[in-house]
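Treat the numbers as computed from the prediction; the structure is a model and nothing was measured.
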Amino acid sequence: MAAGAPSPAAPAPERVARSRQDLPPWAGGLVGALLVLLAWTVLALTVFSSAGNVPTPWAVVQQLAADGTGLYWANVSITTWSALQGYLWGNLVAIALAVAVLLVPPLEGAATQVAVLTYCVPLTAIGPIVLIVSPPGSRITSVFLAALSVVFTSVVGCLLGLRAADRTALDVVRAYGGSRWTALVKVRLIAALPSVFAALKLAAPAAFLGAVLGEYFGGVDSGLGILITAAQTNLRYAQLWALALMSGAVAGAGYLLVGVLARLLTPWSSTGEREGGISR
């Protein structure tokens, strides 16, 4: 090819890949959200227009403005506090089970059965029982269901992480006379952090869902679950959709918050993921 001649155009797949890399990370999410809003509006104005039970996004925004931020903020904060308590208690139980399995291997069968039991028991079946045995007006049902919702996910994540420790490092600890506890503290806990945080991210929305469901059973006079029940009873469809979207937003915020915390505390994990994605 002669000097100064223009280089041939890059192949189509390479141009597409380069354009995708130039897009910011949030571009795909923004496009997806816009498509969802468009489909929602079209369906509300056509298929569900006669029934009136699917309001348009603008109607939901108007309902939020009419109700005021005070109504939603007060109830969101109450539900979030119950979810946070259940999140902490459930994860403490999960971490304790995982550590017990590592220190006393014969307990693995019993710990696994407990974790599976918390996952298999339907929340709609255990919720009324917890409500009956709880003191009147207490939020134990909401906290308990939030805790129950996270145990299985956190136990699995903790066990996978604790068992992902480098065998060579564990052999070094044993060679110097270290106990299982020493290996757990010096090697396994550090190696487990990425998997643990991955489980904690999934547990955050689950805890919020459990807290809302606990309020939905009654026994309390505030919270998103109570608002959802009232909106459903009074056929306030726009408010019901607003509450559903707000619940999803808070649950998603919990997921993102734990993700940011994971990036701060385990920077080597996020760096490795990005390098792996580039190499592929």
Side-chain angles (χ1 to χ4, degrees), residues 29 33 55 57-95 118 123-124 126-128 130-151 153-154 197 199-265:
W58 177 244
V60 173
V61 173
Q62 288 180 318
Q63 184 67 49
L64 287 170
D67 292 335
T69 57
L71 173 66
Y72 294 100
W73 172 251
N75 290 278
V76 166
S77 59
I78 291 173
T79 304
T80 302
W81 175 239
S82 298
L84 181 60
Q85 293 180 74
Y87 181 79
L88 294 176
W89 282 112
N91 284 307
L92 284 176
V93 171
I95 293 172
T118 62
L123 298 183
T124 54
I126 195 67
V130 179
L131 178 63
I132 292 174
V133 301
S134 301
S138 70
R139 308 194 68 86
I140 293 179
T141 305
S142 186
V143 175
F144 182 84
L145 293 187
L148 198 66
S149 301
V150 308
V151 172
T153 302
S154 297
F197 274 113
L200 293 179
K201 285 197 297 183
L202 297 176
F208 191 80
L209 173 62
V212 173
L213 187 60
E215 295 170 346
Y216 193 79
F217 287 119
V220 293
D221 56 0
S222 58
L224 285 180
I226 298 300
L227 285 184
I228 291 173
T229 303
Q232 183 180 8
T233 303
N234 297 323
L235 301 181
R236 302 185 64 180
Y237 298 119
Q239 187 181 59
L240 191 60
W241 279 77
L243 291 169
L245 292 177
M246 188 169 297
S247 299
V250 175
Y255 179 90
L256 294 177
L257 182 61
V258 178
V260 171
L261 185 62
R263 286 183 177 272
L264 293 177
L265 297 181

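- Residue pairs that meet the side chain to side chain donor-acceptor pair (under 3.5 Å) test with at least one member in residues 229-241, sequence neighbours left out, are D67-Q239, Y216-Q232.
- Here the rule is side-chain contact (heavy atoms from CB on, under 4.5 Å) with L224, and of T80, V76, I78 only V76 fits it.
- The CG atom of N75 sits 5.5 Å away from atom CG of L71, with the distance rounded to the nearest 0.5 Å.
- For W89, the ring pair (Phe, Tyr, Trp, His ring centres under 6.0 Å) criterion is met by no residue, not counting sequence neighbours.
- Between the CZ atom in F144 and the CG atom in L148 there is a gap of 5.0 Å [rounded to 0.5 Å].
- The distance from atom CD of Q85 to atom CD1 of I140, rounded to the nearest 0.5 Å, is 10.0 Å.
- For Y72, the OH atom is densely surrounded, since the number of other residues' heavy atoms within 6.0 Å is greater than 12.
- With S138 contributing its side chain and P135 its backbone, the two residues share a donor-acceptor pair below 3.5 Å.
- The two atoms that bring A203 and V150 nearest to each other are O-CG1, 3.3 Å, heavy atoms only.
- For the atom pair CD of E215 and CG of L227, the computed distance is 8.5 Å after rounding to the nearest 0.5 Å.
- Each of L123, I228, T141 was evaluated against L213; a single residue qualifies, L123, per the side-chain contact (heavy atoms from CB on, under 4.5 Å) test.
- Residue R139 comes nearest to G223 through the heavy atom pair NH2-CA, 4.3 Å, listed as atom of the first residue, atom of the second, then distance.
- Counting all heavy atoms, side chain and backbone alike, A207 lies closest to S149 at N-CB, 4.4 Å.
- Nearest approach of V220 to G137, heavy atoms of both residues: CG1-O, 4.1 Å.
- In plain terms, the two heavy atoms of A238 and P55 that are nearest each other are CA-CG, 3.8 Å.
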Would you sort out whether I226 and D221 count as a side chain to side chain contact (heavy atoms under 4.5 Å, CB included), showing the intermediate values?
-> CA-CA 7 Å; I226 298 300; D221 56 0; 5.9 Å; no
Run the numbers on T79 and S142 for side chain to side chain contact (heavy atoms under 4.5 Å, CB included), then give the verdict.
-> CA-CA 8 Å; T79 304; S142 186; 5.5 Å; no
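- Rounding to the nearest 0.5 angstrom, the gap separating the CG atom in L64 from the CG atom in L243 is 8.0 Å.
- When all heavy atoms are compared, the tightest approach of F217 to L131 is O-CD2, 3.6 Å.
- At least one side-chain heavy atom of V258 sits under 4.5 Å from a side-chain heavy atom of Y87.
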